[in-house]
Amino acid sequence: MKRLFVTILIVVAVLVAALGLAIALGGPGKAPPPMSSINDPFKNVDFSDLPEATYVTARDGTKLAFRAYPAAGGAVKGSVVLLHGSSASSSSMHLMAKGFAAAGYAAYTLDIRGHGKSGTKGHIAYIGQLEDDLEDFVHSTKLAQPSTLAGFSSGGGFVLRFAGSPRQELFSNYLLLSPWISQDAATLRPGSGGWATVGVPRIIAIAVLNGFGMHAFDDLPVVRFAVDERDKGLLTPQYSFALAQNFRPERDYQANIRAIRQTLRVLVGQNDDVSYADRFAAVFKTAGKDVPVTVLPGIDHISLTLDPVAVQAAIAAVESMDHENPNQTMQPTAGRRTNTLSVTPTFPPAAMRALASGG
């Protein structure tokens, strides 16, 4: 019995030591070099008409920034809330928000907590705080109905998380723009195409401790992005464990997908350099959902939010969902549905790198 006890102590000591080393030394390495395909497209967009940031107060008292784009014309068709990608802020969705406003939708772009002017960059207090923040925004803002929550890249991943949550009925529809789904999903290119370095050992170790109810290390950095050094004051160069785990789908992303009851669409560029565009439909099919996926020829990851053709495709997707029953339950898939639009997009002047970016 004594020998067994000693053996158990040794095993526990080894495991504790391994976890300690993983947390101390297993963080993300040096940030990858800036990606021209992510940063450069934002250099020339005209931000002279960017709305001023306004604020709502979250339940913890933090001021959360957002930008409002009133609908053009008379009758308002509905509302669209747009979430940016990793590292970015509300300004990166400026052109898409303008497009929705011109089409008759009240549009809003948010600085997700940990980005832009919302909270401390790269940090949140706990996993689940982003859902609380979004609920607080909805309750503080009179969204015209029907309402759509749309997210790009990592923001699309968080939209998927929210769409499969108990709070999903806060929005009528959900639109995923080249969403980041999971490191285990077939859609992800290695290293997100060179956009991020990830401290996998640290993530695993902190996740293990979380399983025992220990959250002392949730604020440590686990992801670094390919952000230009001169832009780090405006963008968010790294994420804590808590933010990285919250700004994405649930770990069991297939269960997340299966839980969705609202209408949902996916839009992706055929030339996406972060994700494999032709694999999205299969990922949803495997999870048992028949989700329409539209693939836009000639569009890459960032131009999905900038090119006029991509913006019009996003508007069309929302309009198609608005014409369906907003509470319609997606039926089990009988086959893959992927639409490829036969259009020739024109790449617009892209936007000031310091105000956008984000994968």
Side-chain angles (χ1 to χ4, degrees), residues 4-29 58-60 62 86 112-115 119-135 151 153-168 179-188 190-192 196-225 236 238-260 283 286-288:
L4 177 61
F5 181 70
V6 171
T7 301
I8 292 173
L9 286 179
I10 293 173
V11 170
V12 170
V14 169
L15 290 175
V16 170
L19 289 174
L21 286 173
I23 290 172
L25 305 177
R59 63 192 65 187
D60 69 338
T62 299
S86 57
I112 295 295
R113 187 189 291 256
H115 305 76
T120 302
K121 283 187 178 178
H123 300 274
I124 60 176
Y126 56 88
I127 299 170
Q129 189 168 39
L130 299 188
E131 289 96 317
D132 290 345
D133 287 348
L134 186 54
E135 183 178 37
S153 198
S154 289
F158 176 67
V159 169
L160 177 58
R161 180 190 188 97
F162 199 87
S165 77
R167 291 182 259 202
Q168 61 182 274
W180 190 96
I181 295 178
S182 171
Q183 68 280 358
D184 300 320
T187 51
L188 184 66
S192 295
T197 57
V198 182
V200 175
R202 177 176 288 173
I203 288 175
I204 293 173
I206 297 177
V208 169
L209 293 178
N210 277 192
F212 290 98
M214 299 175 62
H215 297 273
F217 302 101
D218 287 10
D219 209 38
L220 291 179
V222 296
V223 181
R224 291 196 173 99
F225 300 108
T236 301
Q238 65 183 29
Y239 283 175
S240 70
F241 174 84
L243 179 54
Q245 292 300 300
N246 202 166
F247 199 40
R248 55 164 289 169
E250 297 283 355
R251 189 172 302 168
D252 186 353
Y253 68 90
Q254 291 185 329
N256 209 166
I257 292 171
R258 288 192 294 270
I260 297 170
V283 166
T286 300

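Hydrogens, waters and symmetry mates play no part in the numbers below; they use all other heavy atoms, side chains included.
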Quick one: sort the Phe247 and Tyr239 rings into parallel, tilted or perpendicular, breaks at 30° and 60°. perpendicular
Could you pull out all residues at least two apart from Arg202 that satisfy side chain to side chain donor-acceptor pair (under 3.5 Å)? none
Once side chain to side chain contact (heavy atoms under 4.5 Å, CB included) is applied, do any residues pair with Gln254, and if so which ones, sequence neighbours excluded? Asp252, Arg258, Thr286, Ala287
Working to the nearest 0.5 Å, report the span between CG of Leu19 and CZ of Phe217. 9.5 Å
Taking side chain to side chain contact (heavy atoms under 4.5 Å, CB included) as the test, write out the residues that go with Arg59, two or more places apart. Asp132, Glu135, Asp136, Arg167
Please name all residues satisfying side chain to side chain contact (heavy atoms under 4.5 Å, CB included) with Pro201, sequence neighbours left out, ordered by chain then number. Ala22
Working to the nearest 0.5 Å, report the span between OG of Ser86 and CZ of Phe225. 4.0 Å
Looking only at heavy atoms, which two atoms of Gly157 and Pro179 are closest? And how far apart? N-CB, 3.9 Å
Does the pair Tyr253 and Arg161 meet the rule for a side-chain contact (heavy atoms from CB on, under 4.5 Å), with working shown? CA-CA 8 Å; Tyr253 68 90; Arg161 180 190 188 97; over 6 Å; no
Compare all side-chain heavy atoms of Trp180 with those of Pro249 and state whether any distance is below 4.5 angstrom. yes
On a heavy-atom basis, which atom in Val222 and which in Ala244 lie closest, and how many Å separate them? CG2-CB, 3.7 Å
Going through the distances and angles, do Val200 and Gln183 end up as a side-chain contact (heavy atoms from CB on, under 4.5 Å)? CA-CA 11 Å; Val200 175; Gln183 68 280 358; over 6 Å; no
Just to verify, what does Asn210 make a side chain to side chain contact (heavy atoms under 4.5 Å, CB included) with, not counting sequence neighbours? Ile127, Ile206, His215, Asp218, Phe241
What distance separates Ile124 CD1 from Thr62 OG1, expressed to the nearest 0.5 Å? 11.5 Å
Between OG1 on residue Thr120 and NE2 on residue His115, distance to nearest 0.5 Å: 12.5 Å
So, using salt bridge (Lys or Arg N to Asp or Glu O under 4.0 Å) as the criterion, who are the partners of Arg224 when residues are at least two apart? none
Is there a side-chain contact between Arg113 and Leu243 in this structure, where contact means two heavy atoms from C-beta onward sitting under 4.5 Å apart? no
CD1 of Ile257 to CG of Leu160, rounded to nearest 0.5 Å, is 5.5 Å
Reported CD1-to-OG distance for the pair Ile181 and Ser154, which is rounded to 0.5 angstrom: 11.5 Å
